[in-house]
Peer 1: 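I am attaching a structure below and will ask some questions about it afterwards.
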Amino acid sequence: MPESIGWGIVGFGWVARDFMAPAIREAGHRLVAICDPGADARAAAADLGARGHAELAGLLAEPEVEAVYVATPNHLHRGAVEALAESGKAILCEKPMAASLDDAEAMAAAVGRTGILYGTAFDQRHHPAHRLLRDEIRAGRVGTVTAIRIVYACWLDRGWTAIPGQANWRIDQAQAGGGALMDLAPHGLDLTDFLLGEPILDVTALTQARAQDYAVDDGALLIGRTGSGILASLHVAYNCPDALPRRRLEVAGTRGLLVAQNTMGQEAGGRVTFTDGATGETVPLAFDRQASPFLEQVRAFGRSLRDPAGRGAWSATRDLHTMRLLTRAYAASPSHRPAHRPAQFPDMPAA
């Protein structure tokens with residue numbers, strides 16, 4: 001079993017508290033310290049046995065911290081990553097890489113200059129169901145892959161918050177860099193690369209601001225194409241009620257169709273099926289339904305930190321390409337502001 005790793009967390013919000021901290025513990029690692037300006041966040045960390053710092057300098061000075069998970073609002077990623085890289089600590093930074101392409105390029109430069117282990121937290125690469133899909137594709141189960149189709153949606157209104165008193169920064173252009181497209185599409189873009197073994201090269205998009213009363217996009221459709229000609233379509237949204245089917249991944253080929261349902265997200269489980277293109281028969285496929293993508297991500301990052309031979313699985317250059325695709329997608333979309341927006345949405349769920 002790999003030696004336990006001491007972790008730090010910058011930005012102790014709901015994802016860090018509910019998913020990353022438990023994954024660190026379950027992987028046999030240690031949460032040593034966190035950095036967050038909020039007193040409540042530091043108190044929550046103390047309850048877990050971790051030291052709390054209001055300033056990043058305090059975390060940087062922690063000798064036991066070898067790896068740091070950066071989970072601040074997007075516009076703060078660059079400052080944290082540059083400082084951490086200079087300190088020599090390994091970095092796992094939440095997606096998207098940054099709020100802007102300029103910041104992402106500066107981060108990649110810092111990683112290259114210092115040589116530290118860096119990864120963007122594309123946890124969907126580590127979901128056991130998605131590893132199964134990749135293996136089935138490589139084994140030729142679907143034949144020649146022709147298309148990948150992803151729906152990844154949720155309901156996110158202005159007042160949403162997982163932690164009382166915390167503002168919804170995801171709908172603030174300055175802090176997030178965009179809306180549903182910026183927040184949700186990176187997973188699909190990166191997952192396409194992971195599953196197919198090749199990145200999307202061509203991309204275009206249409207965004208919308210249809211159902212929510214904020215300025216950033218609440219939905220987007222992206223289409224892309226890989227170098228070998230595989231087509232990809234992604235539908236991401238902040239305007240889909242959570243009770244509806246909203247997480248589906250399909251890989252179509254000349255011999256069949258792989259479908260994963262309810263696998264995209266932070267939690268374990270879901271369902272995978274294969275439909276035979278010759279007979280039409282659909283069969284379920286087995287995978288580990290207990291291990292969460294966050295847990296598997298922490299394990300993988302820890303192995304790479306201990307064994308440099310595994311560092312090829314993490315790439316700031318690859319993640320920078322995903323940021324460039326997002327930038328091009330936004331640039332390709334005409335104005336998404338509606339000519340008329342209804343004043344009320346009586347059929348929408350309450351906040």
Peer 1: Short question: side chain of Asp218, backbone of Asn239 - any donor-acceptor pair under 3.5 Å?
Peer 2: no
Peer 1: Run the side-chain donor-acceptor check on residues 6-18: report pairs under 3.5 Å with partners two or more places apart or on a different chain.
Peer 2:
{"residue": "Trp7", "atom": "NE1", "partner": "His29", "partner atom": "ND1", "Å": "3.0"}
{"residue": "Arg17", "atom": "NE", "partner": "Phe12", "partner atom": "O", "Å": "2.8"}
{"residue": "Arg17", "atom": "NH2", "partner": "Phe12", "partner atom": "O", "Å": "3.4"}

Peer 1: Counting only heavy atoms not in Asp40, do more than 12 sit closer than 6.0 Å to its CG atom?
Peer 2: no
Peer 1: With hydrophobic residues grouped by side-chain heavy-atom distances under 4.5 Å, do Phe19 and Leu156 end up in a single group?
Peer 2: yes
Peer 1: Which residues pass the side-chain hydrogen bond (donor to acceptor under 3.5 Å, both in side chains) test with Arg131, not counting sequence neighbours?
Peer 2: Glu296
Peer 1: Donor-acceptor check, side chain of Asn168 to backbone of Asp157, threshold 3.5 angstrom: yes or no?
Peer 2: yes
Peer 1: Whether the side chain of His75 engages the backbone of Gln173 through a donor-acceptor N/O pair (distance < 3.5 Å, no angle test) should be reported.
Peer 2: no
Peer 1: May I ask you to decide if Ile200's main-chain N or O and His321's side chain share a donor-acceptor pair within less than 3.5 Å?
Peer 2: yes
Peer 1: Sequence neighbours left out, what passes salt bridge (Lys or Arg N to Asp or Glu O under 4.0 Å) with Arg141? Give chain and number order.
Peer 2: Glu136
Peer 1: Donor-acceptor pair, distance only, cut-off 3.5 Å: does the side chain of His53 make one with the backbone of Cys35?
Peer 2: no
Peer 1: Is there a donor-acceptor pair closer than 3.5 Å between any side-chain N or O of Asp307 and the backbone N or O of Gly310?
Peer 2: no
Peer 1: Side-chain heavy atoms nearer than 4.5 Å, only ILVMFWY residues, links allowed to pass through others: does that put Ile137 and Leu191 together?
Peer 2: yes
Peer 1: Does any non-hydrogen side-chain atom of Pro199 lie less than 4.5 Å from one of Thr192?
Peer 2: no
Peer 1: Would you kindly confirm whether Leu231 and Leu325 end up in one hydrophobic cluster when ILVMFWY residues are joined by side chain heavy atoms under 4.5 Å apart?
Peer 2: no
Peer 1: Would you say Arg42's side chain and Pro37's backbone share a donor-acceptor pair under 3.5 angstrom?
Peer 2: yes
Peer 1: Out of curiosity, Leu92 CG to Leu117 CG, how far, rounded to the nearest 0.5 Å?
Peer 2: 8.5 Å
Peer 1: Output side-chain donor-acceptor pairs under 3.5 Å for residues 43-50, partner residues at least two apart or in another chain, one line each.
Peer 2:
none

Peer 1: Out of curiosity, Asp319 CG to Leu189 CG, how far, rounded to the nearest 0.5 Å?
Peer 2: 11.5 Å
Peer 1: What's the shortest heavy-atom distance between Ala90 and Leu305, and which atoms?
Peer 2: CB-CD1, 3.8 Å
Peer 1: Between Asp217 and Thr207, do the side chains contain an N or O donor and an N or O acceptor separated by less than 3.5 Å?
Peer 2: no
Peer 1: Are any side-chain N or O atoms of Tyr330 and backbone N or O atoms of Met182, one a donor and one an acceptor, separated by less than 3.5 Å?
Peer 2: yes
Peer 1: Can you list, by chain and residue number, the hydrophobic cluster partners of Leu257 when the side-chain cut-off is 4.5 Å?
Peer 2: Val259
Peer 1: Where the side chain of Arg247 meets the backbone of Met264, is there a donor-acceptor pair that is under 3.5 Å apart?
Peer 2: yes
Peer 1: Can you name the closest pair of heavy atoms from Gly119 and Phe301 and give their distance?
Peer 2: N-CE1, 4.1 Å
Peer 1: Any chance CD of Glu198 has more than 12 other-residue heavy atoms, nucleotides or ligands included, within less than 6.0 Å?
Peer 2: yes
Peer 1: Just wondering, do Met107 and Cys93 contact through their side chains at under 4.5 Å, heavy atoms?
Peer 2: yes
Peer 1: Of all the heavy-atom pairs spanning Trp155 and Pro241, show the shortest one and how long it is.
Peer 2: CE3-N, 3.9 Å
Peer 1: Only counting residues at least two apart or in another chain, list the ones meeting side-chain hydrogen bond (donor to acceptor under 3.5 Å, both in side chains) with Asp183.
Peer 2: Lys95, Tyr238
Peer 1: Is there a continuous path of hydrophobic side-chain contacts, each under 4.5 Å between heavy atoms, that joins Val151 to Leu249?
Peer 2: no
Peer 1: Apply side-chain contact (heavy atoms from CB on, under 4.5 Å) to the pair Leu132 and Leu258, showing each step before the final yes or no.
Peer 2: CA-CA 10 Å; Leu132 169 65; Leu258 288 164; over 6 Å; no
Peer 1: Mind checking whether Leu31 and Leu295 sit in one hydrophobic cluster, side chains of I, L, V, M, F, W, Y counted as touching below 4.5 Å?
Peer 2: no
Peer 1: Can you name the residues that form a side-chain hydrogen bond (donor to acceptor under 3.5 Å, both in side chains) with Arg78, not counting sequence neighbours?
Peer 2: Glu82, Asp103
Peer 1: Please give me the minimum heavy-atom distance between Thr322 and Phe122, naming the atom from each residue.
Peer 2: CG2-CZ, 4.3 Å
Peer 1: Assess the residue pair Val70 and Glu94 against the criterion (side-chain contact (heavy atoms from CB on, under 4.5 Å)); give the C-alpha distance rounded to whole Å, side-chain angles, the decisive distance to 0.1 Å, and a yes or no.
Peer 2: CA-CA 6 Å; Val70 177; Glu94 258 304 333; over 6 Å; no
Peer 1: Could you tell me which residues satisfy salt bridge (Lys or Arg N to Asp or Glu O under 4.0 Å) with Arg138, sequence neighbours excluded, listed by chain and number?
Peer 2: none
Peer 1: Who pairs with His126 by ring pair (Phe, Tyr, Trp, His ring centres under 6.0 Å), at least two apart in sequence or on another chain?
Peer 2: Trp314
Peer 1: Taking the side chain as everything from C-beta on, heavy atoms only, tell me whether Tyr118 gets closer than 4.5 Å to Met97.
Peer 2: yes
Peer 1: How far apart are the closest heavy atoms of Ala129 and Val272, and which atoms are they?
Peer 2: CB-CG2, 3.8 Å
Peer 1: How close do Tyr69 and Ala121 get, heavy atom to heavy atom, and via which atoms?
Peer 2: CE1-CB, 4.2 Å
Peer 1: Scan for salt bridge (Lys or Arg N to Asp or Glu O under 4.0 Å) pairs involving residues 105-125, sequence neighbours excluded, and state none if there are none.
Peer 2: Glu86-Arg113, Glu105-Arg324, Arg125-Asp190
Peer 1: Let's go through Arg306 and Glu66 carefully: what are the C-alpha distance in whole Å and the side-chain angles of both, what is the deciding distance for salt bridge (Lys or Arg N to Asp or Glu O under 4.0 Å) to 0.1 Å, and is it a yes or a no?
Peer 2: CA-CA 11 Å; Arg306 289 288 180 253; Glu66 302 172 78; 2.9 Å; yes
Peer 1: Report the residues that fulfil salt bridge (Lys or Arg N to Asp or Glu O under 4.0 Å) with Arg158, sequence neighbours left out, ordered by chain and then residue number.
Peer 2: Asp213
Peer 1: Between the side chain of Arg289 and the main-chain N/O of Ala268, is any donor-acceptor distance below 3.5 Å?
Peer 2: no
Peer 1: Does anything in residues 253-270 pair up under side-chain hydrogen bond (donor to acceptor under 3.5 Å, both in side chains), and if so which pairs, sequence neighbours excluded?
Peer 2: His130-Thr263
